Every structure is written in structure tokens, then in C-alpha cells.
Q: 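There's a structure below that I have some questions on.
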Amino acid sequence: MISHLNWTATYVFVGFFAIVTIMGFAAGRWRAGDLDDIHEWGLGGRRFGAWVTWFLLGGDLYTAYTVIAVPALVYALGAFGFFAVPYTIIVYPFIFLTMPRLWNVAHKHGYITGADFIRARYGNAPLEWAVAFTGILATMPYIALQLVGMEKVIEGLGFAGTGLTAHLPLTIAFVILALYTYSSGLRAPALIAFVKDIMIYVFIIAAIIIIPIKLGGYGAIFASAGKFYTGVAAANPKYPGGLILHPAQLAPFITLALGSAMALFMYPHAQTGTLAANSGESIRRNAIVLPAYSLVLGLIALLGLMGHAAGIKVANPQDIVPQLVLKMFPSWFVGFCFAAIAIGALVPAAIMSIAAANTFTRNIWRSAINPALPASEEAKMAKLVSLIVKLGALLAIFFMPTLYAINLQLLGGVWILQIFPAIIFGLYTRWFPGWALLAGWAVGMVYGTLISYVGGGWVPVSVAPFLHMGVYNGLIALVANVVVAVVISAVMGATSQAAPDQTKAGDFDDAPALNA
Amino acid sequence: MKYILLVIPCIIALWTPFYNSLTPTLLGFPFFYWFLLVMIPVSALFIAAAHAMRAK
């Protein structure tokens, strides 16, 4: 089990893990609040300023799975894996415009989740349930994939086991995470995010300087990666990889970037990170400085190309980052980099489980099952659900092939995009009745799932009707969703607008005091 | 004006046929890669400009 363990790397790894564990438990006392109140446990009391929000959102959105999966895609296909870069370029102008509006209305009325806003805005409980259900459904496999990222680096340390012992280190790490998330709430990942983000920056700055020196510079790296892709293409004319995109890859590349950017802030964990800010202005400032993380992501993507230049051959592309790190760095720094990735899994996993727990408690349990749930019981219930969510993710990794989790996460992106009209249109207009948005959502969910399932496998891109080119399934389904919502809204007309709207136009704008 | 400033980096980032090329290279990076990496800080400048206009 541990006979091949890299001891130096493991000591460093465990040491950093111990530090963040202590921080996780101590975080409950940071900017202390009453942790039996869901606003404090689940949203950190909405007290995080621009700086803390920068670390928190950076830690939340750029996950361990990203660090493993983006270079894996670049390693396998080359340029196509870079869709993550235009994706993260276009996401911030969008956040700059929309998320301060969500923050303002949520702050004014005490909403904790996106679905809270939906209930108040449309006065339509089934739409609230649909939005909540979609959020939880899309989040679960995302948490499971954080565990995949973590397990990859634990394997990289040389840990090997069979059966249930194979998952022993992961289980220990996750139980610890579950306990401090339970006791400290959102403060735990917010505090740990400082450590995680700094470690990731150190890792990547070292990687982009030291690895090219060892491999003969960037020119040599791109040349050998290019040689690899043309070699594969020569053997298999259908292989779509290369240093630049094939013409047929252009539309999939563009639509994946656009659709992923539109989907990102529909995820409950992204909204939790946003709503925990102390003002809409903090969010705007973050939209300006969060691209620093995108730069890191773009540089991390280069690791996939460096893998070819270093002559590393892996059967599973997801092993490329751990193997590259092992080959290029001394043991102590391997331990540091792996700890950065593993801690990079803890932060989003914690925020995702908190966001899913808040959503379940407020928008499923209290809304559909027990409306009499007193406010004092909400935090208790959310804490318990956060444990169940993490347990579910752990069991999924134990008993489900990793490929299922990857496919589910892919589908999760298609699904979560279907709540875009309800949330984003809702920030600007009440023209759409709740029922029309619900019908659009249902069509988008079913249609998106159907086109993603092709001949026994799951694919992200299909040939779009009328356009005759490959388009991201999430966007194809979203177009159907919006068409249905618009047609039904137009037919239902003004009579359907009678459902109560608890928000007022001014609620979406900054309060005058915050503008000063 | 604010909206135009925000839309410009999005359009450039999604205008993939424009940057889908190996040349010109910069410091060994093919155009596709260095252009996208440079666009990240450039997009942040556009957002900062939109923010400055908003403050006025």
C-alpha cells in the first residue's frame, strides 16, 4: 500500500494538510457571528470585502478538477482544450453586469440562494423547486470530480491500494473536511482559500519558469507537442487534435466557451461565493481582478503541452499533471504542488456542499415539505445536509466508474444552463410568467439530455438544427428553452402576470450609501 | 458606452477564426496561444474602463 510512497513529498503534503485543517476549525471564530443562523453559517454573514471575495471566488471557481482536466484535454487534443481561456475571458464582463444586481436584490430581501430570488420574483413554487433541483443535480457530480482530482495526486505520491483501502487517504481527508465545514460553515473555505490560491500561484509560476528551462524553451515545447499531434493524425486521419483548431472545431470551440461562461454563475456554489460579498461594488471590483486567475488557468493549460515535450506517455490523460510534476521537480516541491492541488479540491468541495445544503434546506425542504421550519432550525438542517452531500460524493467515487462522474458533470453543465432564463432574465424583467419559464426549463432539460446521449456514449457537442455545424449541447437546448418560454409568455399575455412579485425595480440597483 | 466596453473583449475572445493561426509567434508561442493569454489582462482593462465610466 505504501511501499512505493515518496516519503519526502508525503511529509510536505501531510504538513500542509494539517495546517489547513487547523485553519478550517479555527475559521469559525473569524469575524465571529452566530453560526446557528443560516445567514452566518451558509453565507459568512455577507461580510466578505473585495479582497476576501477575490480569494474565495478564485478558490471556488478554479477547482482542483480544472487543474487536472484542462491540461488533460490539452494533452489529448491540443488547441481545443484552450476553450477554457475565452470561456474565462467572457465570464467577467457578464458578472460585472449581472451579479451586482443579484447581490443587491438578495441583500435587500435576505435571499441566500438563487432559488430564493426565483420564489420571490415569480411567486411560482414549482419554478423555485426546478431551479433548486437543477442546481443540486449539477453540483453533486462536480463535488465528486473534486475527489477525482484529489485522488490523482494521492496516487502520484505513490499510494496504491486495492478495494476500499485504495480510497483510505481520500476518505480521511474528506471526513476532516466535512467536520470543519459542519462547524465553521463558509468561513472555513474562505480562510483556506488564501492558502490554496497562494500555493497554486507559487506552483504555476515555478512550473512556467523551471519546466521550459529544462525542456529547452517554449519554442521547443510547442514544436514537440506539434510533432506529437501530427504523428497521431497521420496514423488516424479522424483524430481532431493539433496545435491549432481544425475548421470543424471552430464552432464547437466558440459555443463551448460561450455556453460554459453563461453556465458558470448559475451554479449554486458560484452564487454563494458572490452573495457572501459585502456589496455589489465588491463584486464589480472582483470582475476586474479575477482574470488574474484566468491567466493562471491559461498557463496551467500549457502543462498539457509540456507533457509531450517531456516525453511523458500516460494512458489516462488525467495523469499528465501529476506525472509532469513528479518528473520535473524535487520531492519536497512535488509534495508542495500536490498539496496545492488537493487543497484546491477542498475549497470548492466545501463551498459546493454548503451551497447545495442551503438550496435544499430553503428551496426544497422548507418550500415543499415543511413550510413551518423555524428559522432557528434552518442552519441545523443545512449543516446536516452538507454532511450528506459530501458522503454522497464519496460513495459515488467508491462505487461509480470515474467516467460516469465525468459524463454527469458534463450533463450538469447542460442542465444548469437551463435555469439561465429564469435567473438572468429575471434580474431585468418580469415579462416572462413563471409557468412559461418552467415549461422552457423542462423542454431544455429533456432536449439537452437527449442530444447528449449518442449511441451509448455522452457527447458535449451536436450538429445544431438549421445551422449544420457542431454546437455545444447546452446552448442548443437553451435556444429551445428560450423559444418555448417566449412563445408561451406571448400567448399567456398579461393575465398571467398576476402572480405576486415581492421585488421592486429599485431593489436591483446599488443602495445610495454603497455608491458613495 | 459601458456596454460597448464590456462587449468588445467578448467579441474578440469569440472571434476564433481570427486567432486560429500558428504565426506570428512570440517568445516561441504560436499566435493562437499568446493572443489568448494576452487577451486576459486586456479584457480586465476593458472591464476596469467600464467601471471607471460607471463611477462618473
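Numbered from 1 within each chain, the chains take letters A, B, ... in sequence-line order. Source: prediction; values computed, not measured. Both backbone and side-chain heavy atoms feed into the values below; hydrogens, waters and symmetry mates do not.
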Q: Is B/S43 close to chain A through its backbone or its side chain, or both, or neither, when contacts mean heavy atoms under 4.5 Å?
A: side chain
Q: Counting only pairs under 3.5 Å, give me each side-chain donor-acceptor contact of residues 76-91 of chain A, with atom names and distances, residues two or more places apart or in other chains.
A:
| from | atom 1 | to | atom 2 | distance (Å) |
| --- | --- | --- | --- | --- |
| A/T88 | OG1 | A/A84 | O | 3.0 |
| A/T88 | OG1 | A/V85 | O | 3.1 |

Q: Side-chain donor-acceptor pairs under 3.5 Å in residues 285-306 of chain A, sequence neighbours left out?
A:
| from | atom 1 | to | atom 2 | distance (Å) |
| --- | --- | --- | --- | --- |
| A/N286 | OD1 | A/W54 | N | 3.2 |
| A/N286 | ND2 | A/A50 | O | 3.1 |
| A/N286 | ND2 | A/S282 | O | 2.9 |
| A/Y293 | OH | A/W54 | O | 3.4 |
| A/Y293 | OH | A/D197 | OD2 | 2.6 |
| A/S294 | OG | A/Y62 | OH | 2.9 |

Q: Working to the nearest 0.5 angstrom, can you tell me the gap between A/I244 CD1 and B/N20 CG?
A: 4.5 Å
Q: Quick check on B/S21 against chain A: is it the side chain, the backbone, both or neither that has a heavy atom closer than 4.5 Å?
A: backbone
Q: Would you mind telling me which of B/A44, B/P30, B/P17 has the largest number of heavy-atom pairs within less than 4.5 Å of chain A?
A: B/P30
Q: Can you list the residues that meet the ring-ring contact (aromatic ring centres under 6.0 Å, His included) rule with A/F420, with sequence neighbours excluded?
A: A/F94
Q: For B/F32, which atoms come within 4.5 Å of any heavy atom of chain A: side chain, backbone, both, or neither?
A: side chain
Q: Quick check for you: to the nearest 0.5 Å, what is the distance between A/I95 atom CD1 and B/L6 atom CG?
A: 12.0 Å
Q: Look at A/L258, A/L245, A/T255, A/L97 and state which one has the largest set of heavy-atom pairs under 4.5 Å with chain B.
A: A/L245
Q: Is there side-chain contact between A/L243 and B/Y33, with heavy atoms separated by less than 4.5 Å?
A: yes
Q: Any residues in residues 216-234 of chain A near chain B, with a heavy-atom distance under 4.5 Å, and which are they?
A: A/Y218, A/G219, A/F222
Q: Select one option (side chain, backbone, both, neither) describing which atoms of B/F31 are under 4.5 Å from chain A's heavy atoms.
A: neither
Q: What part of B/F46 gets closer than 4.5 Å to chain A, counting heavy atoms only: side chain, backbone, both or neither?
A: neither
Q: Nearest 0.5 Å, please: how far is OH in A/Y92 from CD1 in B/I47?
A: 9.0 Å
Q: Tell me, side chain or backbone of B/L36 under 4.5 Å from chain A's heavy atoms, or both, or neither?
A: both
